[in-house]
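For reference, the structure is listed below as structure tokens.
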Amino acid sequence: MALGQLTYLQLTNATLRRLGKAQVVSADFAGLAADTWGGLVKDFLNDAQREVYKEHDWSTLITLYTISAISDRTYNLSTSVSDFGREIDLTSTTNDQVLEPTTLRTIDTLDPDLDDSASPLRYHIAYPNLLFDRTPSSETFRLRYVKRPAVLSAVTAVSDLPEYCDMVLVWYAYWQLQATREDATDGGEVARSIYENTLARAIGQDRRRMDRVWSLQPIWPTRIREVVPFPPAYDTDR
């Protein structure tokens, strides 16, 4: 949780204010009927999480899981990676080899009987099944993936999305509710535009955040002349 990140209750009330509806207090939050404005907003905020998650590989959703000592052609991810959304990469830490994602057709073409045994070079994920192109022998893999955000439920819950997505969730819920209101003369188009602009800014913020994490290294070291073996006669002052 980031400092200042909005709770589920605060997200709900932020949306209700924009709709011009009465806000709710924490004591009443859990018991809101599904057909009330508060209940509708709560529902649409979880819809918002599911949709915003699809728009970008958000930094706070990127995680990894180590699959140890695998000797099977197919590995079931559901028991250990229940929050799996989409993979980023798969690496054999045993062989320092980044595997290439491929299609089931390619795997079938390379090994129709699925009986080749060797260190895998390719893989395919059709969740929950992770299929290798060859059967490994006690090999360990690191799966880096984007997890699905947890469903918002408790009054104090905060989203797994970054803090700068709070208003993205609010504007998505507002847009969806505006689009279904009879008194919304524009059919929610203004709300949709605000949502899309807020989403674009959040993606930009997250990319800048990741740029700081994954900073590129210069090609040449700073102290290059201590590294490169110049000939003794070379004038290093030139």
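Please read these numbers as outputs of a predicted model, since none were measured by experiment. Position 1 is the first residue of the sequence; numbering continues from there.
How far OG of Ser119 is from CG of Asn95: 4.0 Å, rounded to the nearest 0.5 Å. Between the CD atom of Gln49 and the SG atom of Cys165 there is a distance of 9.5 Å, given to the nearest 0.5 Å. Rounded to the nearest 0.5 angstrom, Ser153 OG and Asn46 CG are separated by 8.0 Å. Put simply, CG on Asp72 and CD1 on Ile70 are 6.5 Å apart, with the number rounded to the nearest 0.5 Å.
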Problem set entry | Stepwise side-chain contact (heavy atoms from CB on, under 4.5 Å) check, Glu51 with Tyr53 | CA-CA 5 Å; Glu51 292 305 312; Tyr53 143 79; over 6 Å; no
Exercise. Which is it for Asn129 and Thr74 under the side chain to side chain donor-acceptor pair (under 3.5 Å) test, yes or no, and what are the steps along the way?
Worked result: CA-CA 6 Å; Asn129 294 319; Thr74 301; over 6 Å; no
For this session: Tell me, with the steps shown, if Leu110 and Ile107 meet side-chain contact (heavy atoms from CB on, under 4.5 Å).
Result: CA-CA 5 Å; Leu110 294 171; Ile107 291 177; 5.8 Å; no
For this session: Test Thr106 against Thr103 for side chain to side chain donor-acceptor pair (under 3.5 Å), laying out the working first.
Result: CA-CA 5 Å; Thr106 298; Thr103 64; 2.9 Å; yes
For this session: For side chain to side chain donor-acceptor pair (under 3.5 Å), just list the numbers for Thr91 and Gln97, CA-CA rounded to whole Å, side-chain angles, deciding distance to a tenth of an Å, and then say yes or no.
Result: CA-CA 6 Å; Thr91 301; Gln97 171 74 43; over 6 Å; no
For this session: Quick one: do Thr93 and Thr66 satisfy side-chain contact (heavy atoms from CB on, under 4.5 Å)? Show the steps, please.
Result: CA-CA 9 Å; Thr93 56; Thr66 299; 5.5 Å; no
Problem set entry | Check against side-chain contact (heavy atoms from CB on, under 4.5 Å), Leu169 and Thr15 | CA-CA 9 Å; Leu169 301 180; Thr15 309; over 6 Å; no
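Each of Tyr65 and Val146 belongs to its own hydrophobic cluster when Ile, Leu, Val, Met, Phe, Trp and Tyr are linked at side-chain heavy-atom distances under 4.5 angstrom. There is a path of hydrophobic side-chain contacts, each under 4.5 Å, that joins Ile88 to Trp58. Both Tyr8 and Leu6 sit in one connected hydrophobic cluster of ILVMFWY residues. Membership requires side-chain heavy atoms under 4.5 Å apart, directly or through other members. Put simply, Tyr127 and Ile67 are part of the same group of oily side chains (I, L, V, M, F, W, Y) that touch within less than 4.5 Å, one to the next. Leu121 and Leu99 end up in different hydrophobic clusters when Ile, Leu, Val, Met, Phe, Trp and Tyr side chains are linked at under 4.5 Å.
Nearest heavy-atom pair across Ser68 and Thr140 is CA-OG1, 3.7 Å. Taking every heavy atom of both residues into account, Ala150 and Asp160 meet most closely at N-OD2, 2.8 Å. Across Arg148 and Gly85, no two heavy atoms sit closer than the pair CG-CA, 3.9 Å. Considering all non-hydrogen atoms of both residues, Ile125 and Leu77 come closest at CG2-CD1, 4.2 Å. Residues Ser71 and Thr135 share a closest heavy-atom pair of O-CG2, 3.6 Å. Residues Ser59 and Met210 share a closest heavy-atom pair of CB-SD, 3.2 Å.
The shortest side-chain heavy-atom distance between Leu114 and Phe132 does not fall under the 4.5 Å cut-off. Taking 4.5 Å as the limit, some side-chain heavy atom of Leu177 sits within range of a side-chain heavy atom of Leu19. Residues His56 and Arg207 form a side-chain contact, since some pair of their non-hydrogen atoms from C-beta on lies under 4.5 Å apart. Looking only at side-chain heavy atoms (C-beta outward), Asn13 and Gln10 stay at 4.5 Å or farther from each other. Using a 4.5 Å heavy-atom threshold, the side chains of Tyr174 and Gln176 count as separate. Residues Gln205 and Pro162 have side chains not in contact (no heavy-atom distance under 4.5 Å, counting atoms from C-beta outward).
Here Tyr123 and Phe141 keep their ring centres 6.0 angstrom or further from each other.
Side chain of His124 to main chain of Leu131: no donor-acceptor pair is present (N/O by atom type, distance under 3.5 Å, no hydrogens or angles). Between the side chain of Gln5 and the backbone N or O of Leu161 there is at least one donor-acceptor pair closer than 3.5 Å. Between the Thr109 side chain and the Arg105 main chain, a donor and an acceptor come within less than 3.5 Å of each other.
Figure legend: cation-pi geometry between Arg18 and Trp171, with NZ or CZ positioned under 6.0 Å from the six-membered ring centre and within 45° of its axis.
Screening residues 78-97 for salt bridge (charged side-chain N to carboxylate O under 4.0 Å, His left out) gives Asp57-Arg86, Asp89-Arg144 as the qualifying pairs, with residues at least two apart or on separate chains. Among pairs with a residue in residues 115-143, those fulfilling salt bridge (charged side-chain N to carboxylate O under 4.0 Å, His left out) read Arg122-Asp133, at least two apart in sequence or across chains.
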Which donor-acceptor pairs under 3.5 Å do the side chains of residues 194-201 make with protein atoms, sequence neighbours left out?
unit_1, atom_1, unit_2, atom_2, d
Glu196, OE1, Arg192, NH1, 3.0
Glu196, OE2, Arg192, NH1, 2.9
Asn197, ND2, Ser193, O, 3.3
Thr198, OG1, Ile194, O, 2.7

Please output the side-chain donor-acceptor pairs of residues 34-43 that fall under 3.5 Å, not counting sequence neighbours, one pair per line with the distance.
unit_1, atom_1, unit_2, atom_2, d
Thr36, OG1, Ala33, O, 2.7
Thr36, OG1, Gly39, N, 3.1
Lys42, NZ, Phe29, O, 3.0

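Partners of Asp47 according to the salt bridge (Lys or Arg N to Asp or Glu O under 4.0 Å) rule, which considers only residues two or more places apart in sequence or in another chain, are Arg50. Partners of Asp28 by salt bridge (Lys or Arg N to Asp or Glu O under 4.0 Å), not counting sequence neighbours: none found.
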